[in-house]
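A short worksheet on the structure shown next.
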Amino acid sequence: TYTWNVLLSVFVRAGRHGEARQMMNEQMLQDCSLDVVTFTTIMTGYTRAGELRTAVELMEEYRARDAAKPPNAQMYNVLLNGFFNAGLFGQALVYFEKMVKVCRPTLVTYNTLITGLSKSGMVRDALGLLEYMIESGLSPDVITFNSVLDGLCKDHRVLDAHHVFKRALERGCQPNVVTYSTLIDGLSKMAKMDEALQLLSMMSEHGCHPNTVTYSSVVDGLLKAGRTDDAISVLGRMKDAGCLPDAVTYNTLIDGFLKRQGLREAVGLLREMLEAGFRPSVVTYTTLCHGLCRAGRFQEAFEILDHMAARGCSPNAVTYSYVVDALCKAGRVTEAVGYFEKMVESKVTPHVIAYSTIIDGLCKAGRIDEAYDFLERMIQAGRIPDVVTYSILVNGLCDAGRIDTGLELFRAMEETGCVPD
RNA sequence: AUACUCAGCACGGCGAAAA
């Protein structure tokens with residue numbers, strides 16, 4: 001069993017969960033030496049791929065095998081995490097309730113919940129859960145604190161983050177490189193680059209060494225703040241510290257240069273990235289499309305799209321949204337609609353931003369009725385329009401002089417529980 | 001190294017900032 005599980009975990013880690021499941025089934029026919037770990041391993045693979053349906057099936061399959069060995073907390077944790085990552089908040093809670101009936105939630109369970117809540121913008125609840133843990137005598141660990149800190153930072157609550165950080169210290173919880181990176185990234189995203197740089201120096205003094213992730217956040221923040229020279233010098237420090245840039249670092253740099261018309265540098269970095277042995281990812285390609293479109297070089301951008309498909313790195317919803325946006329902004333709205341349909345035909349599910357983008361393009365071109373059609377389609381597809389989507393339409397209606405309809409939509413928005421900003 | 005939880009990159013409206 002042990003050996004089998006090791007083998008299966010290797011497959012899962014390589015993203016080959018389908019094969020792993022196949023192997024498990026074959027093994028199952030031979031004897032019964034499969035255990036919770038086997039099932040949990042494979043479920044992990046499916047949840048990472050977003051195939052939650054199958055993960056749940058596997059848990060049921062396991063449950064049906066032996067009534068004396070019900071699913072354990074770890075198995076439930078995998079599902080909880082999967083539901084959160086898929087944004088299926090309600091489902092996560094349903095399973096959490098099922099879970100508490102049959103087994104005791106572990107520290108990891110709480111950490112999973114806190115991370116999920118933080119990422120869904122429900123930091124309040126995450127904080128509440130943290131208090132609850134402490135009151136009920138369950139000791140939060142550094143991961144618990146890091147998750148809460150991340151939620152606070154993403155909510156721009158740097159002061160509160162400082163508080164929580166201090167409390168962690170008081171409780172004897174040692175900050176680690178993730179803790180510092182989380183804080184540094186929060187500062188970078190708020191363009192507080194001097195503080196971010198200060199913290200970067202401070203962490204080393206406290207015996208915690210920045211890694212590639214830490215440096216990349218700082219580089220990203222500096223580039224976005226237009227401090228290109230500082231970004232390059234941090235990159236140098238990073239290399240001196242023995243941290244090699246990874247694919248994300250390169251994407252960050254390429255994007256930063258493209259946005260500052262540094263096409264030359266961007267191309268040089270792309271070459272360097274390839275030489276370092278990194279394959280361009282969807283993000284790399286999308287970034288390049290972005291750079292080409294903003295330079296008005298649509299033809300080349302489209303070539304990249306075709307190239308991607310040929311390289312087995314298919315464009316995703318983000319890639320398509322960007323192209324749709326660029327076409328709209330160039331006044332080529334009809335072609336943009338064509339690309340939107342192409343996305344759907346390629347079995348890529350448009351996300352909220354994709355819909356908002358096409359709706360905006362149509363509104364600005366005065367094609368409000370078609371924009372409404374897309375709103376309709378989006379709701380049909382189970383995508384919830386957000387504040388931005390509504391703002392676009394309300395704006396469009398007002399510009400078209402249909403102020404009453406705009407007001408009506410505004411009220412409809414409030415009814416759906418969407419808070420105006 | 002038998003399974004579960006934490007940080008960095010690309011995409012949308014308005015506004016703000018910068019120019």
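The shown structure was predicted, so the numbers you read here are calculated from the model rather than taken from an experiment. Residue numbers begin at 1 in each chain, while the letters A, B, ... track the order of the sequences.
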Can you check the A:Ile184 CD1 to B:G8 P distance for me, whole Å?
13 Å

Quick check for you: among B:C11, B:A7, B:A3, whose closest atom lies nearest to any side-chain atom of A:Asp150?
B:A7

Check the surroundings of atom CZ in A:Arg279: do more than 12 heavy atoms from other residues, nucleotides or ligands lie under 6.0 Å from it?
no

Exactly one of A:Ile184, A:Ile143, A:Asp150, A:Val142 should register a side-chain contact (heavy atoms from CB on, under 4.5 Å) with A:Thr179. Which one does?
A:Val142

Can you see if the side chain of A:Lys364 gets near the phosphate of B:G12 - specifically, an N or O under 4.0 Å from OP1 or OP2?
no

Look at all strands and tell whether A:Thr106 reaches a base, only sugar-phosphate, or nothing, counting heavy atoms closer than 4.0 Å.
nothing

On the nucleotide B:U2, are OP1 or OP2 found under 4.0 Å from the side-chain N or O atoms that A:Arg13 carries?
no

Using atom CZ of A:Arg48 as one end and atom P of B:A3 as the other, report the distance to the nearest whole Å.
10 Å

Just say parallel, tilted or perpendicular for the rings of A:Tyr339 and A:Phe302, cut-offs at 30° and 60°.
parallel

Donor/acceptor link under 3.5 angstrom from A:Asp421 side chain onto base of B:G15
no

Do the side chain of A:Thr249 and the base of B:G8 come within less than 3.5 angstrom through a donor-acceptor pair of N or O atoms?
yes

Identify whether any heavy atom of A:Ser321 sits under 4.0 Å from a base atom; if not, whether one sits that close to sugar-phosphate; answer base, sugar-phosphate or nothing.
base

For A:Thr284, answer base if it contacts any base atom (sugar-phosphate contacts may also be present), sugar-phosphate if it contacts only those atoms, and nothing otherwise; contact means non-hydrogen atoms under 4.0 Å.
nothing

Taking B:A10, B:U2, B:C9 as options, the one with an atom nearest any side-chain atom of A:Thr287 is B:A10

Is it the case that the base of B:C11 and the side chain of A:His351 share a donor-acceptor contact (distance under 3.5 Å, atom types as modelled)?
yes

Between B:U5 (P) and A:Met99 (CE): distance, integer Å:
13 Å

Measuring to OP1 and OP2 of B:A17, would you say a side-chain N or O of A:Lys224 lies under 4.0 angstrom away?
no

Angle between ring planes, A:Phe96 versus A:Tyr110, binned at 30° and 60°: parallel, tilted or perpendicular?
perpendicular

Ignoring the backbone of A:Ser147, work out which of B:C6, B:G13, B:U2 is nearest its side chain.
B:C6

For A:Thr109, report the nucleic acid contact type (base, sugar-phosphate, nothing); a contact means any heavy atom under 4.0 Å.
nothing

Side chain of A:Asn211 (C-beta onward), nearest among B:C4, B:C9, B:A7
B:A7

With a 4.0 Å limit, can you tell me whether A:Tyr2 has a side-chain N or O closer than that to the phosphate oxygens OP1/OP2 of B:U2?
yes

So does A:Arg124 pair up with A:Glu131, basic N to acidic O under 4.0 Å?
no

Describe, in one word, how the ring planes of A:Phe278 and A:Tyr250 are oriented to each other, choosing from parallel (under 30°), tilted (30 to 60°) and perpendicular (over 60°).
tilted

When the distance from CZ of A:Phe84 to P of B:C4 is rounded to whole Å, what number comes out?
18 Å

Touch check for A:Thr357, heavy atoms < 4.0 angstrom, all strands: base, sugar-phosphate only, or nothing?
sugar-phosphate

Within the 4.0 Å heavy-atom criterion, would you say A:Thr182 contacts the bases, only the backbone, or no part of the nucleic acid?
sugar-phosphate

Taking the side chain of A:Gln74 as its heavy atoms from C-beta onward, which of B:C4, B:G12, B:G8 lies nearest to it?
B:C4

Under 4.0 Å: is that the gap between some side-chain N or O of A:Lys259 and OP1 or OP2 of B:C9?
no

How many Å lie between CD1 on A:Ile392 and P on B:G12, as a whole number?
10 Å

Out of B:C6, B:A10, B:G8, whichever nucleotide has its closest atom nearest the side chain of A:Ser216
B:G8

Check if the side chain of A:Thr212 and the base of B:G8 share a donor-acceptor pair of N or O atoms closer than 3.5 Å.
no

Quick one: which of B:A7, B:U5, B:A3 gets closest to the side chain of A:Thr115?
B:U5

Please confirm whether A:Arg332 makes a cation-pi placement over A:Phe298, using NZ or CZ under 6.0 Å from the six-membered ring centre and within 45° of the ring normal.
yes

Report which part of the nucleic acid A:Asn316 touches: base, sugar-phosphate, or nothing (heavy-atom distance under 4.0 Å, all strands).
base

What's the verdict on side-chain hydrogen bond (donor to acceptor under 3.5 Å, both in side chains) for A:Asn77 and A:Asn111, showing C-alpha distance, side-chain angles and the deciding distance?
CA-CA 10 Å; A:Asn77 292 343; A:Asn111 287 347; over 6 Å; no

Heavy atoms only, 4.0 Å cut-off, all strands: where does A:Asp141 land among base, sugar-phosphate and nothing?
nothing

Find the distance A:Leu7:CG to B:A3:P and express it as a whole number of Å.
13 Å

By the 4.0 Å heavy-atom rule, please label A:Val388 as base, sugar-phosphate, or nothing.
base

Scan A:Thr112 against the nucleic acid and name what it touches under 4.0 Å (heavy atoms): base, sugar-phosphate only, or nothing.
sugar-phosphate

Has A:Lys119 got a side-chain N or O lying under 4.0 Å from the OP1 or OP2 atom of B:U5?
no

How many Å lie between CD1 on A:Ile42 and P on B:U2, as a whole number?
17 Å

Do any side-chain nitrogens or oxygens of A:Asn146 fall under 4.0 Å of OP1 or OP2 in B:A7?
no

A:Met23 CE - B:U2 P separation (whole Å):
17 Å

Among the candidates B:C4, B:A7, B:U2, find the nucleotide nearest to the side-chain atoms of A:Lys154.
B:A7

Side chain of A:Asn72, heavy atoms from C-beta onward: which of B:U5, B:A3, B:G8 has the nearest atom to it?
B:A3

Answer with base, sugar-phosphate or nothing: what part of the nucleic acid does A:Ser217 contact at a heavy-atom distance below 4.0 Å?
sugar-phosphate

What's A:Val178 touching, base or sugar-phosphate or nothing? Going by heavy atoms closer than 4.0 Å.
base

Side chain A:Ser118, main chain A:Thr115, donor-acceptor under 3.5 Å:
no

What does A:Asn176 touch in the nucleic acid at a heavy-atom separation under 4.0 angstrom: a base, only the sugar-phosphate, or nothing?
nothing

